[in-house]
Amino acid sequence: MDKKSRNALIAGNWKMNMLASQVPAYWQGLESGAKLAEGVSSALCVPFPMIPAMKAALAGSQVKVGAQDVSAHDKGAYTGEVSAAMLADLGVDYCIIGHSERRAYHAESDELVNAKLKALLGAGITPIMCCGETLEQRDAGVTLSFVESQIKGGLAGVSAEEMKKVVIAYEPIWAIGTGRTATAEQAQEVCGYIRGVLACLYGAELAKGVQILYGGSMNGKNAAELLAQPDIDGGLIGGASLKPEFADIIGAANEG
Ligand code: 13P
């Protein structure tokens, strides 16, 4: 299986932006972008309270709804937490885990990301597991070893069958929200390395089938070049997913 046989996935990450009441108008603007290509999987990962409104808006379209986090616990006395079963019950298809903002502001470890990943798999939701280095780590030349440790930690105890349902997103922290995109070569180098790590863990054939996304200041202008790289199968889009420009990125994935 090579890049051509891997379906592209363009996922938006709204982070803590927008309101449920703004969802219908947002979706109208996106639909009128008219580039919501059939051959590309796409999803919008929204804050928990917006999931029902987004489900309703996207009904009948091929765009899926995603969440941005999940509890590692099944149920019980965990005030403020949201379980994987609750997300599945709302019809959520994807869930981001291990985003660098959660790792930085909520002290999420690879062990916790691993537990969340397993909770999602148990509920039939596709995890989008994030990894990526700081600028200091890049400058120190430890990008590849750091990302490898995040991948191995996050996937500990995950079987080959389960791995077929996991999406990986490489998001260099220095490129997130900064307007400073990784060059296509930088992004390809790490995404290709990640596929190599997966090949060591699960075998080359399985690794070739895993969707690996790039995230970090991806937009309508730079998407095509990034998506043309052999190991970049899609994007995790922050700021640009809040605008009709998101449809342009889906369009770029379809042309790639
Ligand atoms: P930006 O596209 O705003 O840089 O955010 C990327 C990101 O963090 C997606 O998860």
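In listed order, ligands and their atoms are each counted from 1.
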With a sphere of 6.0 Å drawn around CG of D74, does it hold more than 12 non-hydrogen atoms of other residues, nucleotides or ligands?
no

Counting only heavy atoms not in E225 (residues, nucleotides, ligands), do more than 12 fall under 6.0 Å from its CD?
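No, because the 6.0 Å sphere around CD of E225 holds 12 heavy atoms or fewer from other groups.
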
Anything under 30° is parallel, anything over 60° is perpendicular, the rest tilted; go ahead and classify H73 against Y78.
parallel

When distances are taken from atom 2 (O) of ligand 1, the protein heavy atom at minimum range is G238 N, 2.9 Å

If we only consider heavy atoms of G177, is any one of them less than 4.0 Å away from an atom in ligand 1?
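True for this residue.
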
Is the shortest distance from a heavy atom of A175 to ligand 1 less than 4.0 Å?
yes

Taking 4.0 angstrom as the limit, do [X] and [Y] come out as a salt bridge?
{"X": "R103", "Y": "D110", "result": "yes"}
{"X": "R195", "Y": "D233", "result": "yes"}
{"X": "K165", "Y": "E162", "result": "no"}

State the atoms of ligand 1, each with its element, that fall below the 4.0 Å cut-off from a heavy-atom position in [X].
{"X": "G216", "result": "4 (O), 6 (C)"}
{"X": "G239", "result": "1 (P), 2 (O), 3 (O)"}
{"X": "E171", "result": "6 (C), 7 (C), 8 (O), 9 (C), 10 (O)"}

What's the spacing between S100 OG and W174 CH2 if we round to 0.5 Å?
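S100 atom OG to W174 atom CH2 measures 12.5 Å (nearest 0.5 Å).
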
Using a 3.5 Å cut-off on N or O atoms only, is [X] in polar contact with ligand 1?
{"X": "K15", "value": "yes"}
{"X": "A240", "value": "no"}
{"X": "I176", "value": "no"}
{"X": "S217", "value": "yes"}

Below 4.0 Å, non-hydrogen atoms only: which portion of N13 touches ligand 1? Side chain, backbone, both or neither.
side chain

So, using side-chain hydrogen bond (donor to acceptor under 3.5 Å, both in side chains) as the criterion, who are the partners of S21 when residues are at least two apart?
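Per chain and number, S21 pairs via side-chain hydrogen bond (donor to acceptor under 3.5 Å, both in side chains) with no residue.
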
